[in-house]
Number of protein chains: 2
Amino acid sequence: MNTPYQDAQRLGQSAVRTAILDHAIDLLVSEGPAALTMRRIATGIGASTKVLYTMFGGKEGLADALYREGFARLRRAQQQVPQAADPLTALNDLGAAYRAHALAEPAYYRVMFEQAVPGYRPGPEALAAADHAFDASVAAVRACIDAGVFAPGDAPEISKLLWAAAHGAVSLELAGHFPPESAAHRFDALMTAVGQAFLADPDRAAHTPEQGRGRPA
Amino acid sequence: MNTPYQDAQRLGQSAVRTAILDHAIDLLVSEGPAALTMRRIATGIGASTKVLYTMFGGKEGLADALYREGFARLRRAQQQVPQAADPLTALNDLGAAYRAHALAEPAYYRVMFEQAVPGYRPGPEALAAADHAFDASVAAVRACIDAGVFAPGDAPEISKLLWAAAHGAVSLELAGHFPPESAAHRFDALMTAVGQAFLADPDRAAHTPEQGRGRPA
DNA sequence: AAGTGTGGGTAACAGCGTTACCCATGGGAT
DNA sequence: ATCCCATGGGTAACGCTGTTACCCACACTT
């Protein structure tokens, strides 16, 4: 019986790297950020901490790898959303998928946005890589503009505003400020409100936010 | 020459508590969350760590005090915004003050929203106390409704949606996703977009978001 | 004045990130 | 084939963290 480290070592350097990240992710998801220590990762795969330091340079390097992995997963989740026929529905589906992904992997979401690994701050190239998670969103906004549903405008900019709104709602939900029973409705109301501002025809009643207009849900 | 602790001790228990929190805040603001250790707080005021444990019960209790203080400061900042004549301008001023306050005290903002103190999660009553920071916002929304600027609706609910949008934009700005030169404009564009959704008359051109409609700023 | 109790300082414990030291192993040079 | 050097990894330590057991000194009661 070999340790996971010995198995991975025979497969080359990248397999060791993957084994380390996989176990780090296991610890993060199953026991939270507090369990993410260099010692526990090392003993978990049957190696010493030295391996982690030669491969990642320290906990910050490992946090960077987790940060990028988190956004890579978000990117994958966004790309796997089935394409709806109506461009506005497609954009709405991406927003819903964003929230669903954040709620499904809150540990990752906290690494990405709430500094779950205490010292780490993403560098410029990590931030740039993170932006690629929203390529699908930018494309969906552009489709809305091209279809005439949205007024002409800057698609990446509109996508970033939608991101900010989605992140704000999800972040407050995860922090406990939005109770579970109203969080989903608030998310939808906020995303609809923001999206409505960019419509070519502002009077489309079907996309008026339900909340706050006296119409009960 | 006395230590700050000895001075405060003579003034009673609450003065000791204030001295501890003041020094904790100093460390937090000047050196960031990493410097916020029980030992540094204790030696900083000239006492032993035992005092912190008898008074706050542990680091979590101290984090709770900082969390509440952060929202109390936000509440004060919101209440000190001069009341504008136009209710919509007043609401907009509160949003601008929210962002300004977050940027002025980012260490506090991270304690409040990004778990800067690693283990701490606010309890139900801390969350409830946090909500009072938005009393001014709720009142401003209600004033917009009463003045007929906003359509009839649920003022606390609309205020929470505005909060989510503001928090999302500020959070992404602090995380480095929004570069400084465009962050202010994005914040305004997002807040205007959300606010516009609740207007009684959706065609008020003055409050249409500038961004994304092809009009350069 | 003696007894009692409480608050705080000392020093320790376990665990953290990190690294200096040392050994084993493997490939290139002779 | 043999030697040598370089590199990679394990051991164990350092200084730090949050936390607490122990103990003493002071104050208040009787």
Side-chain angles (χ1 to χ4, degrees), chain A residues 2-21 23-24 27-28 30-67 111 115-121, chain B residues 1-21 23-24 27-28 31-67 111 115-121:
Chain A
N2 291 328
T3 65
Y5 169 63
Q6 289 170 336
D7 293 341
Q9 200 183 25
R10 212 171 308 119
L11 296 172
Q13 190 173 337
S14 77
V16 176
R17 190 187 152 91
T18 303
I20 292 173
L21 284 180
H23 192 66
L27 287 171
L28 188 66
S30 64
E31 300 187 46
L36 197 67
T37 73
M38 302 299 268
R39 280 179 171 81
R40 288 200 62 178
I41 299 167
T43 60
I45 63 168
S48 83
T49 60
K50 198 74 201 307
V51 179
L52 306 188
Y53 282 92
T54 57
M55 190 141 326
F56 293 97
K59 196 176 190 184
E60 191 158 321
L62 205 141
D64 193 69
L66 289 177
Y67 180 88
V111 169
Q115 303 212 269
V117 185
Y120 173 70
R121 303 244 75 186
Chain B
M1 191 58 185
N2 291 327
T3 65
Y5 170 62
Q6 289 169 336
D7 293 340
Q9 201 182 22
R10 213 171 306 121
L11 295 173
Q13 191 172 339
S14 76
V16 176
R17 192 187 150 89
T18 303
I20 292 173
L21 284 180
H23 192 66
L27 286 171
L28 189 66
E31 300 187 45
L36 197 68
T37 74
M38 303 298 268
R39 278 180 173 80
R40 288 201 63 179
I41 299 167
T43 60
I45 63 168
S48 82
T49 60
K50 197 76 200 308
V51 180
L52 306 188
Y53 283 92
T54 57
M55 189 141 325
F56 293 96
K59 195 174 190 184
E60 192 157 319
L62 204 141
D64 193 69
L66 289 177
Y67 180 88
V111 169
Q115 304 213 266
V117 185
Y120 172 70
R121 304 244 73 188

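The chains referred to below are lettered A, B, ... by the order of the sequence lines, with proteins before strands, and numbering in each begins at 1.
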| Stretch residues 38-47 of chain B: residues that reach within less than 4.0 Å of DNA chain D through a heavy atom |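 The answer is B/Met38, B/Arg39.
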Please give me the minimum heavy-atom distance between [X] and [Y], naming the atom from each residue.
X: A/Ile20; Y: A/Phe56; answer: CG2-CE1, 3.6 Å
X: A/Val117; Y: A/Ala63; answer: CG1-CB, 3.6 Å
X: B/Arg17; Y: B/Ala65; answer: NH2-CB, 4.0 Å
X: B/Thr49; Y: B/Met38; answer: CG2-O, 4.0 Å
X: A/Val16; Y: A/Met55; answer: CG1-CE, 3.8 Å
X: B/Ala35; Y: B/Leu27; answer: O-CD1, 3.9 Å

With [X] via side chain to side chain contact (heavy atoms under 4.5 Å, CB included) - residues at least two apart:
X: B/Ala116; result: B/Pro33, B/Arg110, B/Val111
X: A/Ala47; result: A/Tyr5, A/Ile45, A/Val51
X: A/Ala34; result: none

| said: Going by the rule side chain to side chain donor-acceptor pair (under 3.5 Å), which residues pair with B/Tyr53 if we only count those two or more places apart in sequence or in a different chain? | reply: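 Scan of B/Tyr53 (side chain to side chain donor-acceptor pair (under 3.5 Å), adjacent residues dropped) gives none.
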| Base-pair map of DNA chain C as dot-bracket, where | denotes pairing with a different strand and pairs are Watson-Crick or G-U under 3.5 Å | ||||||||||||||||||||||||||||||
| request: Go through the structure and list residues passing salt bridge (Lys or Arg N to Asp or Glu O under 4.0 Å) with B/Glu60, not counting sequence neighbours. | output: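 With neighbours one apart ignored, the set is empty.
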| said: Please enumerate all residues that pass salt bridge (Lys or Arg N to Asp or Glu O under 4.0 Å) together with A/Arg40, with sequence neighbours excluded. | reply: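 With sequence neighbours excluded, A/Arg40 shows a salt bridge (Lys or Arg N to Asp or Glu O under 4.0 Å) to A/Glu31, given in chain and number order.
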| Range on DNA chain C touched by chain B, heavy atoms, distance below 4.0 Å |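 So the outermost contacting nucleotides come out as C/dG8 to C/dA12.
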| query | Contacts to DNA chain C from residues 48-60 of chain A, heavy-atom cutoff under 4.0 Å, which residues? | reply |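 Residues of residues 48-60 of chain A that come under 4.0 Å of DNA chain C are, in numerical order, A/Thr49, A/Lys50, A/Tyr53, A/Gly58, A/Lys59.
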